[in-house]
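Scope of the values below: all heavy atoms of this structure, side chains included, with no hydrogens, waters or symmetry mates. Residue numbers start from 1 in every chain, and the chains themselves are labelled A, B, ... in the order their sequence lines are given, proteins ahead of strands.
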Amino acid sequence: LNQCYLGVDIGSISTKGVIIDSNYNILDSEYIWTEGNPKEAVKILINKLKIPEGYVLKGIGTTGSARKLIGLMLDANVIKNEITAHAYGTLNFYPECKTILEIGGQDSKIIMIRNGIITDYAMNTLCAAGTGSFLSSQAKRLGIDIENFGDIALKSSKPVKIAARCTVFAESDLIHKAQLGYSKEDIVAGLCKSIVLNYLNNVAKGKKLESPIVFQGGVSKNKGVIKYFKEILGCDIIVDNNSHLMGAIGIAILSSKQRSDKIYNLKINEIDFITKANECNGCSNNCELLRIFKNNKLIDTWGSKCGKY
Amino acid sequence: MDKIISFPQVGNYYVPINYLFSHISNCKVLIPPKITNKTVELGSKYSPDFVCTPFKYTLGTLIESLNMGSNTLIQLGGGCRYGYYAELQDKILTDLGYNFKLYNLVIGGYIDTKRIYKIMKEINPKIKKFKSLYHLFITIKMVKYMDLIDDYIRKNIGFEVEKDSFKNEYENMLKEFSNVKGYIHLKKIYKKYKKRIKKIKINKPDNVIKIGIIGELYTLMEPFANYNIEYNLASKNIEITRFTNATYLLFKKSKKVDKYLKKLKNIKYRMGADAVDNIYYSKYLCEKNYDGVIHIKSSFCTPEIGNMSIINNICKSYNVPVIFFSFDTSTSDVGIETRLEAFCDMLEMRKKI
């Protein structure tokens with residue numbers, strides 16, 4: 001039997017899953033919306049993914065903002081942050097790559113790579129400016145489907161100027177421009193451009209972007225954003241067909257590197273997985289505890305500051 | 001009315017502070033409760049929103065100790081905005097209707113012993129000069145001993161064989177420090193625990209990852225304010241070095257900064273708080289082949305417009321990774337964990353090559 005590995009990347013907006021073989025070829029992949037419920041999303045994802053005939057699942061890795069919870073749920077052998085996962089995933093396809101731009105739903109990051117190792121990275125700080133959720137909320141405001149956003153942007157030759165510092169300012173700029181009567185195409189293009197400028201000013205802040213540059217994350221599917229990245233950076237940008245899956249691929253690779261003898265199955269529907277939140281009144285910290293039950297058995301408690309649990 | 005003294009919390013320094021005041025003031029000293037979420041909530045509620053976190057934390061502690069019955073508060077000014085906090089907190093607490101007196105021992109970042117003595121005389125008119133000097137001496141020694149032990153623990157706690165063995169010994173030491181009888185007794189306790197702590201079994205490989213933590217005073221020294229970053233790093237098997245502690249701030253800083261300014265050819269002026277020191281340290285860490293530098297500060301603190309970009313450039317020229325953390329009262333710990341884990345992963349990757 002051949003070995004295969006599952007990687008799950010649970011982001012704020014979308015949940016991604018891939019199954020790879022030991023040569024890191026993709027056997028199956030799936031991309032669904034998280035819709036604020038990572039546990040349900042993963043159940044749906046796992047039910048959609050199929051392990052091909054003749055393969056056994058030898059490892060599971062989880063990444064993304066809900067990695068800890070889902071890692072526990074799936075009994076993963078690797079739980080890692082998305083920065084490391086993205087770097088591993090990308091290096092598998094583009095070993096020469098020197099810069100990774102990643103724009104996801106809630107956060108955006110830049111990873112610098114030299115000779116196949118991460119040498120520097122940065123992530124957006126407190127503000128969610130320049131991320132996918134801003135684009136999708138503006139698409140909703142303009143009554144456009146987010147999937148068509150890029151195509152509409154490409155139709156414009158004169159993008160309107162939109163403040164790039166902060167989403168709040170960007171939004172008021174956008175409303176203002178719309179009321180003045182600018183065309184929808186120009187506004188959409190302006191939004192794409194503002195995302196690029198915001199990213200370069202707030203995340204890439206002063207870092208030297210050397211090509212080859214790989215662009216990934218959900219926003220990399222937006223042709224408008226790609227166009228303005230190319231225009232502003234003045235060089236070509238690689239966008240893989242699987243650019244949205246890189247994190248999941250990376251974590252699957254990491255899971256394959258951690259050898260274990262265990263054989264996993266994907267019978268997730270039989271597992272009863274409940275989380276209960278309550279407040280501990282042991283001291284004035286009043287920690288918000290999250291208790292996790294698997295088949296009615298308490299398996300872990302999170303959130304305690306004192307280490308009582 | 002009997003005076004009951006209280007003071008803000010920072011790290012474990014409540015032990016020597018408690019010793020000092022209970023010996024020279026002849027009043028009851030109320031050790032403030034440790035900082036908890038409730039402290040932060042109370043402090044934030046009555047603070048301006050855009051003030052830095054030390055203001056909120058210390059105000060919260062002062063409110064808690066007032067609620068527990070204290071009526072004489074001690075605050076220390078600092079070299080930055082912190083220097084003005086005592087006055088503002090005094091006003092806020094008065095407006096809240098508390099009946100108390102607040103003394104700021106350090107004004108403008110300078111320690112004026114004559115002024116401090118005057119204040120202490122106001123608190124305790126029967127104060128004896130010679131005796132209080134002796135107790136001050138013991139307090140200073142105690143702080144120094146604590147910092148020395150702390151430095152050793154910071155370097156080794158990530159490699160302890162038995163979990164919490166360092167923490168337990170340290171807590172025992174603090175307990176004995178709180179009941180110190182005199183200088184000889186203090187020295188004896190220190191030597192005893194130095195021996196015991198050095199005997200704790202560690203499993204430390206030769207080529208460990210070494211990180212230097214620099215940043216701004218309060219956030220650096222109070223584990224609650226920096227989300228226990230040192231403990232978190234230690235659990236990833238990392239050796240930690242930190243320069244800023246009470247010994248440094250109180251007794252060494254004023255002399256050293258001038259020395260650092262001379263050594264750093266392109267920095268000419270003091271930039272407030274620990275800006276110059278941190279620039280010097282970042283260079284020092286790079287030259288000593290540390291694997292990474294972590295700079296931590298409270299949100300809205302001076303480095304944002306001062307030394308952060310300089311430190312960034314220094315580390316870049318030495319090709320040493322640096323990461324900046326800015327802590328607020330409601331920073332999500334998942335975000336911190338992601339960034340910290342990625343940083344450590346990166347250091348590990350770099351080390352392997």
Fill in: B:N278 side chain to B:G215 backbone, donor-acceptor under 3.5 Å
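Yes, the answer is positive, given that a donor and an acceptor are paired below the 3.5 Å cut-off.
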Worksheet item: Going by heavy atoms in the side chains, are B:Y170 and B:I157 under 4.5 Å from each other?
Response: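 A side-chain contact is absent here, since even the closest heavy-atom pair is not under 4.5 Å.
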Region of [X] in contact with chain A, defined by heavy-atom distances below 4.5 Å:
{"X": "B:K316", "result": "side chain"}
{"X": "B:F224", "result": "side chain"}
{"X": "B:I323", "result": "side chain"}

Worksheet entry | Best-contacting candidate, B:L347, B:T338, B:V322, against chain A by heavy atom pairs under 4.5 angstrom |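 Sorted descending by pairs with chain A, the first entry is B:T338.
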Discussion item. Tell me whether A:E210 is salt-bridged to A:R114, with the criterion being a basic N under 4.0 Å from an acidic carboxylate O.
Written reply: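 Salt bridge flag = yes for A:R114 with A:E210.
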Discussion item. Taking side-chain contact (heavy atoms from CB on, under 4.5 Å) as the criterion, tell me which of A:I299, A:V42, A:I70 meets it with A:F273.
Written reply: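 Of all the options given, the one that passes is A:I299.
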Worksheet item: Are there residues of residues 73-82 of chain A that reach to under 4.5 Å of chain B by heavy atoms, and which ones?
Response: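 Under the 4.5 Å heavy-atom cut-off, A:I79, A:K80, A:N81, A:E82 qualify.
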Fill in: Under the side-chain contact (heavy atoms from CB on, under 4.5 Å) test, residues paired with B:P8 that sit two or more places apart
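By the side-chain contact (heavy atoms from CB on, under 4.5 Å) rule, B:P8 matches B:T58, B:L62, B:Q75.
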Practice prompt. With sequence neighbours excluded, tell me which residues meet side-chain contact (heavy atoms from CB on, under 4.5 Å) with B:C52.
Written response: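 For B:C52 the side-chain contact (heavy atoms from CB on, under 4.5 Å) partners, ignoring immediate neighbours, are B:P54, B:R81, B:Y85, B:S298.
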Worksheet item: chain B: which of A:D120, A:I83, A:T119 shares the most heavy-atom pairs with it under 4.5 Å?
Response: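 Sorted descending by pairs with chain B, the first entry is A:T119.
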Item to complete: Identify whether NZ of Lys or CZ of Arg in A:K109 sits under 6.0 Å from the centre of the six-membered ring of A:Y121 and within 45° of that ring's axis.
Response: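 Relative to the ring axis of A:Y121, which defines the angle, A:K109 lies outside at least one limit.
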Discussion item. Which atoms of A:R67 are under 4.5 Å from chain B, going by heavy atoms: the side chain, the backbone, both sets, or neither?
Written reply: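 Side chain only.
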Worksheet item: Would A:L200 and A:L209 satisfy side chain to side chain contact (heavy atoms under 4.5 Å, CB included), going step by step from the backbone distance to the final call?
Response: CA-CA 10 Å; A:L200 293 175; A:L209 308 187; 3.7 Å; yes
Fill in: Residue pairs fulfilling salt bridge (charged side-chain N to carboxylate O under 4.0 Å, His left out) with at least one residue in residues 44-55 of chain B, sequence neighbours excluded
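Listed once each, the pairs would be none.
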